[in-house]
Engineer: 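Below: one structure in structure tokens.
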Amino acid sequence: MDEVEVVVAHSERATLRVGDVFLKVDADRARMDVEVEAMALAPVPTPEVLWHEPPVLAIAALPGRALGRLGEPSTASPAAWAAAGAAARRLHDAPLPPWSARGVDELAADLDRECAWLVANAVLPADLVTRNRRVAEAALRPWTPVFTHGDLQTGHVFVDGDEVTGIIDWSEAARGDALFDLAVLTLGHEEHLGDVLAGYGADVDADVIRAWWSLRSLLASRWLVEHGFDPSAPGCEFDVLKARM
């Protein structure tokens with residue numbers, strides 16, 4: 001019998017691996033429905049859905065390995081990073097999905113709340129939060145919505161050699177800002193931004209991507225702390241914020 005590997009587990013959801021099958025358990029039915037529909041709509045490689053019986057989704061393992069991990073140097077080639085950028089472009093050029101992500105006003109309100117929490121609880125120095133809040137403002141502008149993955153971190157992009165074999169974890173897919181996806185993909189891997197943009201093949205504002213690095217890190221920090229993750233680990237969210245000083 002195959003061993004059961006706990007890939008990730010917290011109070012909202014859990015992912016287990018049994019052999020070549022991943023079992024995702026999510027109490028939020030709507031979020032799981034989004035994931036299944038998004039994988040069916042996305043014009044990029046996605047895992048095969050083996051069965052779906054809420055609250056459990058069973059998907060097949062992808063060949064290859066993750067493009068990288070936050071806090072660790074990536075061993076993937078520049079061509080693999082470029083391929084990830086090209087995959088993001090195909091997704092962003094696809095017809096829009098029926099769901100929308102948070103708008104500018106909601107993001108700004110969330111950012112104010114999370115910055116206040118970080119300072120009030122002495123999680124981060126006030127000057128660090130203030131500086132990154134100013135940097136983040138560049139991301140709070142109107143954008144043309146595209147089909148976004150919503151959590152396109154390197155651990156969700158699988159590559160084999162220089163090819164993308166699949167993208168996982170689509171529960172945050174929505175109409176959103178293309179540069180947010182590119183920012184999440186390169187968060188903590190700034191040295192590969194040029195490779196990703198070369199593969200993406202469009203003229204984008206790198207300063208807005210950097211703004212999203214700050215915005216994403218500020219918004220995610222409390223959730224990470226409260227769910228047992230460590231944003232202060234080397235190369236992770238707090239180091240991303242410190243790099244803006």
Side-chain angles (χ1 to χ4, degrees), residues 1-91 94 97 99 147-174 181 184-189 192 195-196 199 224 227-230 233 236:
M1 179 178 177
D2 290 312
E3 292 185 353
V4 177
E5 175 191 355
V6 179
V7 179
V8 63
H10 49 76
S11 60
E12 294 181 5
R13 64 190 101 169
T15 301
L16 310 175
R17 179 170 186 166
V18 185
D20 289 331
V21 176
F22 285 90
L23 301 174
K24 300 192 67 175
V25 183
D26 194 332
D28 187 329
R29 173 69 180 269
R31 187 164 53 201
M32 182 167 285
D33 288 345
V34 164
E35 178 156 14
V36 173
E37 187 170 355
M39 286 193 290
L41 294 173
V44 295
T46 61
E48 177 188 0
V49 175
L50 302 175
W51 50 268
H52 176 209
E53 189 66 36
V56 182
L57 171 66
I59 60 176
L62 290 169
R65 59 183 178 178
L67 182 66
R69 299 289 181 190
L70 186 60
E72 301 176 9
S74 171
T75 59
S77 67
W81 281 89
R89 180 65 184 274
R90 289 196 300 275
L91 177 66
W99 333 276
F147 189 161
T148 58
H149 178 277
D151 193 16
L152 196 63
Q153 56 183 283
T154 54
H156 293 163
V157 180
F158 278 69
V159 296
D160 188 1
D162 297 337
E163 302 293 330
V164 173
T165 59
I167 300 174
I168 66 172
D169 284 1
W170 290 82
S171 61
E172 305 299 325
D181 266 355
V184 174
L185 181 61
T186 53
L187 185 76
H189 296 280
H192 291 293
D195 300 324
V196 168
L224 292 167
H227 288 79
F229 300 97
D230 185 8
C236 293

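We use all heavy atoms of the structure for the numbers below, so side chains are in, but hydrogens, waters and symmetry mates are not. Quick caveat, the model's predicted, so the values are computed rather than measured.
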Engineer: Just wondering, more than 12 heavy atoms not from Glu12 lying within 6.0 Å of its CD?
Structural biologist: yes
Engineer: Which residues pass the side chain to side chain contact (heavy atoms under 4.5 Å, CB included) test with Pro63, not counting sequence neighbours?
Structural biologist: Thr165
Engineer: Looking at Ala94 and Pro43, what are the two nearest heavy atoms and their distance?
Structural biologist: CB-CG, 3.6 Å
Engineer: Would a 4.5 Å heavy-atom cut-off, applied to side chains only, mark Leu70 and Glu72 as touching?
Structural biologist: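 The answer is no; the side chains never approach within 4.5 Å.
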Engineer: With sequence neighbours excluded, tell me which residues meet ring pair (Phe, Tyr, Trp, His ring centres under 6.0 Å) with His52.
Structural biologist: none
Engineer: Are Leu91 and Leu152 side-chain neighbours, meaning at least one heavy-atom pair lies under 4.5 Å?
Structural biologist: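 A side-chain contact is absent here, since even the closest heavy-atom pair is not under 4.5 Å.
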Engineer: Between Thr46 and Ile168, is the side-chain contact (heavy atoms from CB on, under 4.5 Å) condition met? List the steps.
Structural biologist: CA-CA 6 Å; Thr46 61; Ile168 66 172; over 6 Å; no
Engineer: Closest approach of Pro97 and Ala174, non-hydrogen atoms and distance?
Structural biologist: CG-C, 3.7 Å
Engineer: Quick one: do the His156 and Asp169 side chains pair a donor with an acceptor below 3.5 Å?
Structural biologist: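 Checked: His156/Asp169 side chains pair up, N/O donor to acceptor below 3.5 Å.
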Engineer: May I ask you to decide if His149's main-chain N or O and Asp181's side chain share a donor-acceptor pair within less than 3.5 Å?
Structural biologist: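 Confirmed, Asp181 side chain pairs with His149 backbone.
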Engineer: List the atom of Phe147, the atom of Ala38, and the distance in Å for their closest heavy-atom pair.
Structural biologist: CZ-O, 4.0 Å
Engineer: Are Ser171 and Val34 packed together at the side-chain level, in the sense that at least one heavy-atom pair is separated by less than 4.5 angstrom?
Structural biologist: no
Engineer: Walk me through whether Asp230 and Leu224 qualify under side-chain contact (heavy atoms from CB on, under 4.5 Å).
Structural biologist: CA-CA 6 Å; Asp230 185 8; Leu224 292 167; over 6 Å; no
Engineer: For Ile167 versus Leu62, what's the shortest heavy-atom pair and its separation?
Structural biologist: N-CD1, 4.1 Å
Engineer: Are side-chain heavy atoms of Phe22 and Val7 found at a separation under 4.5 Å?
Structural biologist: yes
Engineer: To check you understand the geometry: which heavy-atom pair defines the closest contact between Pro47 and Ala60, and what is its length?
Structural biologist: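 For Pro47 versus Ala60, the nearest heavy atoms are CB-O, 3.6 Å.
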Engineer: List the steps and the verdict of salt bridge (charged side-chain N to carboxylate O under 4.0 Å, His left out) for Glu35 and Lys24.
Structural biologist: CA-CA 11 Å; Glu35 178 156 14; Lys24 300 192 67 175; 2.9 Å; yes
Engineer: So do the side chains of His227 and Ser11 get within less than 4.5 Å of each other, counting heavy atoms only?
Structural biologist: yes
Engineer: Got Trp170 and Asp151 here, is their nearest side-chain heavy-atom distance under 4.5 Å?
Structural biologist: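 SC-SC contact between Trp170 and Asp151 ruled out.
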Engineer: Answer whether the closest heavy-atom distance between the side chains of Val157 and Leu185 falls below 4.5 Å.
Structural biologist: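 In short, these two side chains touch, coming nearer than 4.5 Å.
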Engineer: I'd like to check Thr75 versus Arg65 (side-chain heavy atoms, cut-off strictly below 4.5 Å). Are they in contact?
Structural biologist: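 They are in side-chain contact.
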Engineer: Applying side chain to side chain contact (heavy atoms under 4.5 Å, CB included), can you list everything that pairs with Asp26, at least two apart in sequence or on another chain?
Structural biologist: Arg13, Asp28, Arg31, Met32
Engineer: Answer yes if the ring centres of His189 and Trp81 are under 6.0 angstrom apart, and no otherwise.
Structural biologist: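 Under 6.0 Å, so yes.
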Engineer: What closest approach, in Å, do Ile59 and Leu50 show between heavy atoms, and which atom pair accounts for it?
Structural biologist: C-CD1, 3.9 Å
Engineer: Checking Arg69 against Ser74 for the side-chain hydrogen bond (donor to acceptor under 3.5 Å, both in side chains) test, could you report, in this order, the C-alpha distance in whole Å, the side-chain angles of both residues, the deciding distance, and whether it holds?
Structural biologist: CA-CA 7 Å; Arg69 299 289 181 190; Ser74 171; over 6 Å; no
